[in-house]
There are 2 protein chains.
Amino acid sequence: MARKRHEDALATREQLLDAAERVFRRRGVGHTSLAEVADEAGVTRGAIYWHFKDKADLFQALVQRVEMPINAAMEEMSRASAADPLGAVRSLAVHALQGLAGCRRTQAVFDVVFLRCEYTEELAPVRARQLEDRKDCLRRCEAAFEQAIAKRQLPADTDARVAAQGLYAFVTGLMRTWVETPGRFDLGAVAPPLVDVFIAGLKTDPPRRAPAPRKPAAKRVRRPQAA
Amino acid sequence: MARKRHEDALATREQLLDAAERVFRRRGVGHTSLAEVADEAGVTRGAIYWHFKDKADLFQALVQRVEMPINAAMEEMSRASAADPLGAVRSLAVHALQGLAGCRRTQAVFDVVFLRCEYTEELAPVRARQLEDRKDCLRRCEAAFEQAIAKRQLPADTDARVAAQGLYAFVTGLMRTWVETPGRFDLGAVAPPLVDVFIAGLKTDPPRRAPAPRKPAAKRVRRPQAA
DNA sequence: TTACAAACATACATGACTGTATGTAAACTG
DNA sequence: CAGTTTACATACAGTCATGTATGTTTGTAA
């Protein structure tokens, strides 16, 4: 094939990512040869090796295509959490779930990420990035919960960290179970009430911080509340 | 090597499963060759092909080794749910989480199941079994929640099915996030309070069954949403 | 004691898949 | 308009995994 213009090359790149999405989903990342991806995209392996270093690089690019909107939503939460922290967290969780339910590409990528790939050494960079994203999300949620405590939206001795870990696990668990069997329930519909279950539970019976260890005759120290 | 007695052969089988657990965890199921498993077990591939049909069969046997305790716990819940359904569900969830936190073998298998394998065609039987287990768990939990409604432990219009799906997603989400980073938090310790958050939320603000539609054609508008 | 079959080990044929090296035609540059 | 670079296609070498076929040794039953 002949040389193309720059924009055509970018289109080829997108086609490769689209093709990889489909093939990875069908056959799994590890079981997919780059030849299959090339076939699906209507090119040869040469094109893949031109645009990407190897399969891991291709996969990473694939994931990054859908990460942006979620990160934007997290920024939004951090901004909105000054006024109504609990509402901001709720909004983020619901938005993330409905974003998955409503976007085909996100569904495909999450399907691959959750079910069709092995996190071994060759995908270490992808995995490291995921864990970094998770850490960031947990940090933000924990901060929001701390603000919620300060604003008396949550009990004073709520363990914000554990609460954040719980919410994260809940949301990602819903994502995974839904991706496993998309037909079984309407994620977009159940997301708001289910997130509300967790929020309501936090209000009435949250995980409590371990009380300050009371040694005999040691004075009790109140931890300063973050503002 | 020579022939062994029956019990020696069973021991070899267990060694193979142990070895597979370790190698699968390090390298991923798809990236592992049976030669590697054989090496790890100190035998040759011949032994593997004697005891198992192929890699998928080996993997399936590996998973089945840890399924028993969980299934037993589910039976137990169904039994106990007559007297205190909500307590039985809570107990099952906590028990499952602490069972993971406390058992090395379970941790290894869940690690492989969640992170080191691709659910493609060759693992279809394993996957089908998992989905069957999940369905069974959901059925039992839903039934327990129904009983909880009958006993006024939950509001009358609680949607038991959605509640069960939520709890299942929550528990498996916790399992997965913990397996991803076992050092980050103490699963055994946070399990009870976090499960209680969900239960408490169900009591005060559960997902409600859709009220009987007064007008037949009240159509929901679905908005396509990016991420 | 023989005969069979269990429980593996060994050897082989086959078929990918990967990475790279090289070819090539068109687009771009000066 | 000639040279250069881009954007691929093609060809090649080497490795590696799989499944099976076959060999080997030894419990065990008759």
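Letters A, B, ... mirror the listed sequences (proteins, then strands); counts begin at 1.
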Undergrad: With the threshold set at under 4.0 Å for non-hydrogen atoms, list the residues of residues 8-22 of chain B touching DNA chain D in residue-number order.
TA: none

Undergrad: Do B:Val126 and B:Val113 have side chains that get closer than 4.5 Å, going by heavy atoms?
TA: no

Undergrad: Could you tell me which residues satisfy side chain to side chain contact (heavy atoms under 4.5 Å, CB included) with B:Glu67, sequence neighbours excluded, listed by chain and number?
TA: B:Val63, B:Gln64, B:Asn71, B:Arg129, B:Asp133

Undergrad: Quick one: B:Ile48 CD1 to C:dA7 C1', roughly how many Å, whole number?
TA: 14 Å

Undergrad: Hey, is the side chain of A:Trp50 poking within less than 4.0 Å of OP1 or OP2 on D:dA7, counting only N and O atoms?
TA: yes

Undergrad: With side-chain hydrogen bond (donor to acceptor under 3.5 Å, both in side chains) as the rule and sequence neighbours excluded, what pairs involving residues 18-30 of chain A come up?
TA: A:Asp18-A:Arg65, A:Asp18-A:Arg105, A:Glu21-A:Arg65, A:Glu21-A:Arg105, A:Arg22-A:Glu40, A:Arg25-A:Asp111, A:Arg26-A:Glu40, A:Arg27-A:Glu36

Undergrad: Using the salt bridge (charged side-chain N to carboxylate O under 4.0 Å, His left out) criterion, which residues pair with A:Glu75? Sequence neighbours excluded.
TA: A:Arg140

Undergrad: Applying ring pair (Phe, Tyr, Trp, His ring centres under 6.0 Å), which residue pairs with at least one partner in residues 50-69 of chain A are found, sequence neighbours left out?
TA: none

Undergrad: Using the 3.5 Å cut-off, write out each protein N or O paired with an N or O of nucleotides 17-22 of chain C and the distance between them.
TA:
{"unit_1": "C:dT18", "atom_1": "OP2", "unit_2": "A:Leu34", "atom_2": "N", "d": "3.3"}
{"unit_1": "C:dG19", "atom_1": "OP2", "unit_2": "A:Tyr49", "atom_2": "OH", "d": "2.4"}
{"unit_1": "C:dG19", "atom_1": "N7", "unit_2": "A:Arg45", "atom_2": "NH2", "d": "2.5"}
{"unit_1": "C:dG19", "atom_1": "O6", "unit_2": "A:Arg45", "atom_2": "NH1", "d": "3.4"}
{"unit_1": "C:dG19", "atom_1": "O6", "unit_2": "A:Arg45", "atom_2": "NH2", "d": "3.0"}

Undergrad: If you compare every side-chain N and O of A:His51 against the phosphate oxygens of D:dC8 (OP1, OP2), does one of them come in below 4.0 Å?
TA: yes

Undergrad: Listed by chain and number, what are the salt bridge (charged side-chain N to carboxylate O under 4.0 Å, His left out) partners of A:Asp57, not counting sequence neighbours?
TA: none

Undergrad: Provide the full list of ring pair (Phe, Tyr, Trp, His ring centres under 6.0 Å) pairs with a residue in residues 10-35 of chain B, sequence neighbours left out, each pair given once.
TA: none

Undergrad: Could you state the CG-C1' distance from B:Leu58 to D:dT18, rounded to the nearest angstrom?
TA: 14 Å

Undergrad: Going by ring pair (Phe, Tyr, Trp, His ring centres under 6.0 Å), name the pairs with one or both residues in residues 93-144 of chain B, residues two or more places apart or in two chains.
TA: B:Phe110-B:Phe114

Undergrad: So, does A:His6 get its side chain near the phosphate of D:dA7, meaning an N or O under 4.0 Å from OP1 or OP2?
TA: yes

